[in-house]
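Read the structure below first, then the notes.
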There are 2 protein chains.
Amino acid sequence: MKKITIGDAARQSGVKVPTIRYYESIGLLAAPSRSEGNQRSYEPADVRRLAFIRHARELGFEVDAIRTLLTLQDEPDQPCASADAIAKARLIEVEQRIRSLMALKAELEMMVEGCGHGRVDQCRVIEVLADHGQCTHAHH
Amino acid sequence: MKKITIGDAARQSGVKVPTIRYYESIGLLAAPSRSEGNQRSYEPADVRRLAFIRHARELGFEVDAIRTLLTLQDEPDQPCASADAIAKARLIEVEQRIRSLMALKAELEMMVEGCGHGRVDQCRVIEVLADHGQCTHAHH
DNA sequence: CTACATGCTCTAGCGACTAGAGGTGCAAGA
DNA sequence: TCTTGCACCTCTAGTCGCTAGAGCATGTAG
Ligand SMILES: [Zn+2]
Ligand SMILES: [Zn+2]
Ligand SMILES: [Zn+2]
Ligand SMILES: [Zn+2]
């Protein structure tokens, strides 16, 4: 019976007010009912949905993936294979990203630690940037 | 002999043609001279500059940082402290990103491996997404 | 000379928001 | 009751680093 304003929904879900409106505009969250003064009025289920979205975003899922996951959530008797596939794809993505960043980290360490902090024309940072041949990894 | 077209510059530097024009439009690369038919004509130094930009982008430096690095490169007798600071900042960024992604990886593994691949209402993936309390890390 | 590749400018779109302008609604204190 | 002031509304435009396309002009090989 209590009306949940967009501000309340934001506080309870951790999703910012403009972002909630944005999610509505892209059809990720259904348009809620309105008060007499045309203000959005949410149900507890909407807040749970927002928290779900936020958590999925924090874990790096794209909005399109979240759209699919939300649809699945609404069909509890279906097999969960596609949800698992989405999560697994994200996991593989993250693993690749970590590998790539570790290689990057190595290059950056070489640059930073290799520099004697003198003049620019002796700077290891600038030197390596100007010549990828100085890198230990062939591809970044 | 010379007359490096934008296509040649692209092939030699690894930066795509529209991207070169984009870099010119944001002032990252100086506008080159033009041929009689109004076509861009680059010097070898421009191609080196493009390769520098590309390498820096591959290492994840932002365009604004690259702008600073390029300015520094043009002043070889200056101290390289600010170049080193930019690289170090990027290194710290990368290290933080790796840590964050490792935590993410752990959560995703729990989700993917914890699921018995049955019905959606028993899916570990959906369950964890709906409740951050199920996560091992407090913050993502 | 004729194709066709490459070049030109300009505009719009991507993802996932964020910021601001300019207006309305609403609750609480004086 | 009035007023203050925050919360809410819509709409537009900006962020970053490109990328895609339209509709032309130019350059080159056969
Ligand atoms: Zn240095
Ligand atoms: Zn390199
Ligand atoms: Zn599952
Ligand atoms: Zn979590």
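The sequence lines fix the lettering, A, B, ..., with proteins before strands; numbering per chain opens at 1.
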Practice task
Please assess B/D46 against B/I4 for the test side-chain contact (heavy atoms from CB on, under 4.5 Å), listing each intermediate value before the final yes or no.
Solution key: CA-CA 10 Å; B/D46 296 319; B/I4 302 175; over 6 Å; no
Please confirm whether the shortest side-chain N or O distance from [X] to OP1 or OP2 of [N] is below 4.0 Å.
{"X": "B/K3", "N": "C/dT6", "answer": "no"}
{"X": "B/Y23", "N": "D/dG17", "answer": "no"}
{"X": "B/R21", "N": "C/dT6", "answer": "no"}
{"X": "A/K16", "N": "C/dC17", "answer": "no"}
{"X": "B/R40", "N": "C/dG7", "answer": "no"}
{"X": "A/R34", "N": "D/dT10", "answer": "yes"}
{"X": "B/Y22", "N": "D/dC16", "answer": "no"}
{"X": "A/T19", "N": "C/dA16", "answer": "no"}
{"X": "A/S35", "N": "C/dG25", "answer": "no"}

Problem - Salt-bridge contact A/R90-A/E62 (side-chain N to carboxylate O under 4.0 Å) - result: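 Looking at A/E62 together with A/R90, the answer is no, because their closest N to O distance does not fall below 4.0 Å.
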Distance, rounded to the nearest Å, where [X] contributes [atom1] and [N] contributes [atom2]:
{"X": "B/R54", "N": "D/dG17", "atom1": "CZ", "atom2": "P", "result": "17 Å"}
{"X": "B/I53", "N": "D/dC16", "atom1": "CD1", "atom2": "P", "result": "17 Å"}
{"X": "B/N38", "N": "D/dG27", "atom1": "CG", "atom2": "C1'", "result": "13 Å"}
{"X": "B/I20", "N": "D/dC18", "atom1": "CD1", "atom2": "C1'", "result": "13 Å"}
{"X": "A/I26", "N": "C/dG13", "atom1": "CD1", "atom2": "C1'", "result": "16 Å"}
{"X": "B/E24", "N": "D/dC18", "atom1": "CD", "atom2": "P", "result": "15 Å"}
{"X": "B/I4", "N": "C/dT6", "atom1": "CD1", "atom2": "P", "result": "17 Å"}
{"X": "B/L28", "N": "D/dC16", "atom1": "CG", "atom2": "P", "result": "13 Å"}

Problem - Greater than 12 external heavy atoms within 6.0 Å of B/E58's CD - result: yes
Problem - Minimum-distance nucleotide (side-chain atoms of B/I6 versus D/dC8, C/dG7, D/dG27) - result: C/dG7
Problem - Touch class at under 4.0 angstrom, heavy-atom based, for A/E62 against every strand present - result: sugar-phosphate
Practice task
Using a 4.0 Å heavy-atom cut-off across all strands, classify A/F61 as base, sugar-phosphate, or nothing.
Solution key: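 Nothing, no heavy atom under 4.0 Å.
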Problem - Upstream residue (5' side of DNA chain C) when A/Q39 and A/P18 are each assigned their closest nucleotide - result: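 Its nucleotide being nearer the 5' end, the pick is A/P18.
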Practice task
Start with the C-alpha distance between B/D74 and B/R49, add both sets of side-chain angles, then the distance that settles salt bridge (charged side-chain N to carboxylate O under 4.0 Å, His left out), and finish with yes or no.
Solution key: CA-CA 11 Å; B/D74 292 338; B/R49 212 168 173 86; 3.2 Å; yes
Problem - Flag for B/H140-B/E107: side-chain donor and acceptor within less than 3.5 Å - result: no
Exercise for the section: Check the side chains of A/T5 and A/Q39 for a donor-acceptor pair under 3.5 angstrom, ignoring hydrogens and angles. Expected result: no
